[in-house]
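Okay, so here's the structure we're looking at.
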Amino acid sequence: MKLTHKERAFFSFILVGFLSLFVTFRIVPIGYTLWRSFFTVYQGEYIFAGFKAYYHVLSEPIFWQSIVNSFIISIMYVVLKIGALIVVGEWLIRHPNLQLWFVKIAYIPTIIGGFVYAILFRYILDSNGLFASLVQNPQLFNSILFHQLLFAMILLWMSFGISLLMYLNRRKHLEKSLIELSLVEGANAFQRFRYVIFPHIKSVIYFIVLLSTIEVFTEIELPMNLTFGGPRQSTITFGYLNYLSGLIFGNFGYASASTVVFLLILFFLGFLIKGIYETIQKTR
Amino acid sequence: MKPFKKLVNFYVFFIFSVMSLFPFFYLWLGSTHNNSWIFSSAINLQFGSSFLDNFVSLSTRYPIVQIFFNSVLSASLVTLSSILLIIMFIFATIFIHRSISRWLDAIFILFMFLPTTSHFIGSIYTISILQLRDQFLAMVIPFLINLRIYFYLKQEFNVLPSEILEALAMDGASAGQVVYQVFFGIYKEKLIFSMFLLFVSSWNNFIIPLNLISQTSQFTFPILIASLADPLNYFIGETFLALLIQTTPLILGYVYFSKNIQIHGSE
Amino acid sequence: MKKGLFISLVVASLVSCGQDTEVVDLTVWAWNRNVDILTDAISRYQSEVDATFSANVTSFSSNDVNTKVNSAIEQLDGTQIADILLGDSIYMRSYFAKWSDLFVNFYDYGLTETEVNQFLNSAVELVTYQEELLALPYGIGPTVVFAYRPLWNPTVLEDILTNGWTWDDYIEYGLEIKENHPNVYMSAYNLKTDDRLYRTMVSQYGEMFLDQHLSVQVGNATSILAMNKINEMFNKGVLGQINSGDFRTQMVEGNIAAQVHGFFVGGQLKTAGPNTSGDWAILPLPSWLPGENAASITGGSYLYVNNTIANAKKSKAIEFVKWYTLNVENSLKGLEIGGIYSPLLAAYDSDVYLNGEDAFFGNQKTLADTARFSKDALPIYPSQFFAYNLNQFVLAQEAILFNGTAIGTALLAARRNIINNIEANS
């Protein structure tokens, strides 16, 4: 399509503007984070600290605990999410008249901010609140497993709608004839899922696993407003630790160094998940 | 078995709806009560009579009309500006600078997966350097780039049949008319869906504004809620009311736009 | 006529140039009832002292104030904080080592020794850094016990007021009350985030997380003693856990018999539970041994002035802060509006403090009693690492109370982490 000179100039201007915003608000902040990781503040000056902050991060137990916490919660979250998606998704495929309403209701929690849930659930789950009145088990409020599972379930509740939408979008493109053929061949439900349905939806599952894992690692609002990192620091995610160390403990150097270390771990994790996925692909 | 199956389906649907919607019901309930109800050991799901007291108390301490207006204005500005910018950028990369489009997309994908925490401290620094602290524009300009919406719309644009663009070119349509016909005509529902997501994202913006805005006159509702939800605070009925005001416009907006949102999802 | 109007305007503007009629708008950060107190003070200052003074008070939680100050210091950007801010004594001290120049040194702006001596010495010491006075005391936080009268035998209350009591007595009375009221605690907090009780106990011996030489006190003999007592209280059901941290609601509901907390909670109780007027008493803190000093002042709030603002604003801000903090009438107003205990020695000689009876507390002379309870408080030294140290301590407290970890093990682990943090940041 041919554009006039003026149109070309205008869209070039838009391009430059967009890229300027991108550089200013995405690349510069990361550059600052990297720079800041080598400096500390003392008596009103930036003092070069070298790799001291990195050493502090790597030797600090809470950093590794936040990684482990995030890992444990993300496993719970991903397993619950994928399980729920498959069960609910397949059930909805069989009941197309319910699909629209189900997705509409599931989508509502997605549009509300995480901090709203965190504050709301803080009062619902208080030791003198509604949940305590129903359950009558005070030990539950000290249980690490309970809080980590709760964390995963609230995240699931918040994001289930959008994941269900993605799943159904992909799933409904699977030709019915393939399912019918598998029935004719005598495949049971598990075999149908494994050999017909799963290959079709695996790209969506992979995408959801990746996003969900990152979501847990970077979650700030739930630990900040609901669990406060407890009990016994078991719900301190990396994102919350970053916030704590930067803005509560007042150590930008440490927070920046931990961000850089985390990004390296994230790259490694991304390659790991990709490698596992490709290995599974190759073995088929 | 059919009536039994129908009954099972109904109960599953009912339980799921209750689980999804009960917290909002509790929010509504809480805003009509005072502190003692919320921490009462008795299970009481009746509406209270403190709604007006909570409202008066909240509006005495904070200019909630102004704060609500700030939220609406900033979310609306981000939505409109961002969607126009993204649409025109997509057009620019496809029709003018196609060679760099692939490189840009690779970089954008990388940054799309980078978490907020990776640039959170840097963002505060950048916004401070630009003298945007305590400015209304601090709620708008840094949030104009939304890479997920960019990829979503670009993906849709990439599958647009080339015949449509050729037909428009043959009709002598200018670039602006092509953008209008494609995005506001053919992809209207997807555009509305994207705009709704942008609005929601901006409306719920919490962490970065909390650290940038200090004047009450510039507050948005998430910042107000953060102030109310301080563990040392004991105005819990007011906190519930503020949460209710924060969520109600989103739910109403969703109810209105859900038809457009779901058309995309139910193709 | 138009010419006349124009000339009048020109003359008026020329005349006004010679007068200081410029209104200087200042920003003030405060939290809770302090917003009302400062708003009232600003209004009186405008009418009594300086009509050109103008300030807007913004309400933030104290946590948010700390995060904003942290952000400003880490970016060495004073424009990020208000012109005047209400800060606590504990977190703010951590900023002095990083950037003391962010705050005005009041000695550089005409504050004399005579004026400084009007304040409680321990209050001034907390905000003095390298011989610079970086804030002026706004209120102090003497720790007292808020007793809910309906749960107590009046004779016992009278005996405690007259003769004092010990922590063992506290537990014993708690168990007696619990026999008749199983759901009542003596004190309750969010023990997973709040160190109030521990801080009170160790400060009775002048200790905190670190001493003034940055020697770690967590895990020493006093620390273990205090933690043992807290563990005993918790295991016997005398000390309760509130996940939300909102003990005030539990207090006005009558579920807490003797809450140990700062005096300022009295002001909050009046707002949260006005219909409980007359049901309260203020008791002295229990001591460790009979007759021993039980006083504790572990908190306080101060008015800081931003040193990086323009000189015109700075001088206005300093004058206002000096006027507010050095004026007994202001501290009495702060007491009346928000229950803030005055740091001014002269206030304690006023009729309000000497003879004032508070109907909310059953016509008790709460101020005179509190002054009597707190007069021998020992100073404590929150350091620049307070936020981290607090985090480590509450982690240990949580492990001990909720996970059954041995006290020595948990406290020593906290101690080790605190030492490592100091070394890493030195």
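So you know, we letter chains A, B, ... as the sequences are listed, proteins then strands, and number each from 1. These numbers were taken from a predicted model, which means no experiment stands behind them.
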> Which atom names give the shortest non-hydrogen contact between C:Pro142 and C:Ile297, and what distance separates them?
Replying inline: CA-CG1, 3.9 Å
>> Show the nearest heavy-atom pair for residues B:Leu228 and B:Arg61, with the distance to one decimal.
In response: CD2-NH2, 3.4 Å
>> Taking side chain as everything from C-beta outward and backbone as N, CA, C, O, which of these in C:Gln80 sits under 4.5 Å from a heavy atom of chain B? Side chain, backbone, both or neither.
In response: both
>> So for C:Ser71, is it side chain, backbone, both, or neither that comes closer than 4.5 Å to the heavy atoms of chain B?
In response: side chain
> Considering only heavy atoms, which portion of B:Ile213 lies under 4.5 Å from any heavy atom of chain C: side chain, backbone, both, or neither?
Replying inline: backbone
> What part of B:Leu210 is in contact with chain C, defined as an atom under 4.5 angstrom from a non-hydrogen atom: side chain, backbone, both or neither?
Replying inline: both
> Applying the side chain to side chain contact (heavy atoms under 4.5 Å, CB included) test to C:Met186, which of C:Val260, C:Leu239, C:Ile177, C:Ile256 qualifies?
Replying inline: C:Ile177
> So, B:Gln246 and B:Asn204: side-chain donor and acceptor under 3.5 Å apart, yes or no?
Replying inline: yes
